[in-house]
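First up is the structure itself, then whatever we jot down about it.
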Amino acid sequence: MVVSTVFGKIISIFIIMIFGVICYRVGIIDNYTKEKLSRLSTLVVNPLLIFTSFQMDYDTSLLKNMIILFVLAVLSFALSIVLAHFLLREKEGYDLAVEKFSVIYNNCGFIGIPLGYALFGSIGVIYATVFVATFHIFCWTHGIMLLDKEGFQLKKLINPCLIAVAAGIICFILQLKLPGNIAFAMDSIADMNTPLAMLLSGAIMAQLDFKKALTKGRLFLPALLRLIVSPAIFCLILRFLPLDEQMRTVAAMTAACPSGAMTITMAIMYHHDDHYATELFTVTTLLSMVTIPLCMIIAG
């Protein structure tokens, strides 16, 4: 039942992405608009969604579940790092750092959070947020070392999403609630997360030459590691752990998300092959429509 629901939500998300493709094709969204909307999503909408999700009554069991999910998230990213390190090798014409980044750092924010919200409401967002927070910790440490010759810098860990997580947890534990009018305004902005993120993903996909991308046999190796191998191993582990359905479902689908849009922005920022990053993002995003439900079946 849950798998069929997730499949239905994924279809809905892809429909929104198609609108993003159309908007780019007809010029409603151009490269300038896309950059601005991306910053709006990353710096404002997503952090507000994360923060407002913690505006609920304190529950010790919920805090315990979040700690368990954090450990599982660390395991998921560590597993992907090991697989990418040992199974990907340098090949002429292909950016190895971008390949490794695409395998390790998935779209848990743009896809995991919307799916979590669609299935379980605020609880689903909180559970997915644990993976997003872990993503940012790994991305701005290991990810930076992977792409940037200058290596890790502590100041790069300070970003809106992690600030939102920290502020949200503090308010949750101390039971600090926002006034009604402010809460409504912030919730209204947070509700933009799914449509905005998917429209942007569609606009990115619209720039790709699919025929050319699909002729690159090498591309399917990192795609296989990202969509099948890493999440399948992780979901197999989940199958034998005593987790409730909500935790298991969110953990499985978040770990099974396709390569993140962050792969593209990071490739641009650190002067790597952003076109190849776009190809990996697009192909894995399309294939994930099938692979996410399959991984959830493995998780049980």
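Basis for what follows: all heavy atoms, side chains included, without hydrogens, waters or symmetry-related copies. Here the structure is a predicted model, which is why all the values come from computation and not from measurement.
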Sequence neighbours excluded, which residues qualify as side chain to side chain contact (heavy atoms under 4.5 Å, CB included) partners of Y117?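 Applying side chain to side chain contact (heavy atoms under 4.5 Å, CB included) to Y117 gives V125, D191.
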Once side chain to side chain contact (heavy atoms under 4.5 Å, CB included) is applied, do any residues pair with F14, and if so which ones, sequence neighbours excluded?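 With sequence neighbours excluded, F14 shows a side chain to side chain contact (heavy atoms under 4.5 Å, CB included) to I10, M17, T285, L286, S288, M289, given in chain and number order.
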Are [X] and [Y] packed together at the side-chain level, in the sense that at least one heavy-atom pair is separated by less than 4.5 angstrom?
X	Y	value
S41	L200	yes
C108	I113	no
T129	F54	yes
I111	M198	yes

Indicate whether any N or O donor in one side chain lies under 3.5 Å from an N or O acceptor in the other, for H136 and Y105.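 No pair is found: no donor N or O on one side chain lies under 3.5 Å from an acceptor on the other.
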Do Q246 and N65 get their side chains close enough for a donor-acceptor pair, meaning under 3.5 Å?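 No, no side-chain donor-acceptor contact under 3.5 Å.
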Of the non-hydrogen atoms in [X] and [Y], which two are nearest, and what is the gap between them?
X	Y	answer
C257	N106	O-CB, 3.4 Å
M56	S122	CE-CB, 3.6 Å
H272	L147	NE2-O, 2.9 Å

With ILVMFWY side chains joined below 4.5 Å, transitively, what does I170's cluster contain besides itself?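 Grouped by the 4.5 Å side-chain rule, L174, L176 form the rest of the cluster around I170.
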Tell me who clusters with I67, hydrophobic residues only, linked when side chains sit under 4.5 Å apart either directly or through other members.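 Direct or chained contacts put I67 with none.
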Within a reach of under 6.0 Å around CZ of F220, are more than 12 heavy atoms found that belong to other residues, nucleotides or ligands?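 More than 12 within 6.0 Å, yes.
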Crowding at CG, D244 (>12 non-hydrogen neighbours, <6.0 Å):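 For D244, atom CG is crowded (more than 12 foreign heavy atoms under 6.0 Å).
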Quick one: which residue pairs count as a salt bridge (charged side-chain N to carboxylate O under 4.0 Å, His left out) with a foot in residues 287-298, not counting sequence neighbours?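 Of all non-adjacent pairs touching residues 287-298, none passes salt bridge (charged side-chain N to carboxylate O under 4.0 Å, His left out).
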Please list all pairs meeting salt bridge (charged side-chain N to carboxylate O under 4.0 Å, His left out) that have one or both residues in residues 47-62, counting only residues at least two apart or in different chains.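 Every salt bridge (charged side-chain N to carboxylate O under 4.0 Å, His left out) pair that includes a residue of residues 47-62, provided the two are not neighbours, is D57-K177.
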Residues in ring-ring contact (aromatic ring centres under 6.0 Å, His included) with [X], at least two apart?
X	answer
F51	none
F281	none
F86	none
F172	Y58

Aromatic ring proximity Y127/F120, centre distance under 6.0 Å: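 Judged by ring-centre distance (under 6.0 Å), Y127 and F120 do not meet the cut-off.
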Those residues that, when tested against K36, pass salt bridge (Lys or Arg N to Asp or Glu O under 4.0 Å) (two or more places apart):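 If we apply the salt bridge (Lys or Arg N to Asp or Glu O under 4.0 Å) test to K36, skipping adjacent residues, there are no hits.
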Not counting sequence neighbours, which residues clear salt bridge (Lys or Arg N to Asp or Glu O under 4.0 Å) with R218? List them please.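 In terms of salt bridge (Lys or Arg N to Asp or Glu O under 4.0 Å), with neighbours along the sequence ignored, R218 is linked to E99.
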Could you give the distance from CG (L72) to CZ (R248), rounded to the nearest 0.5 Å?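 It comes to 10.0 Å.
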Show the numbers, then the answer: is there a side-chain contact (heavy atoms from CB on, under 4.5 Å) between L49 and S53? CA-CA 6 Å; L49 176 63; S53 298; 4.2 Å; yes
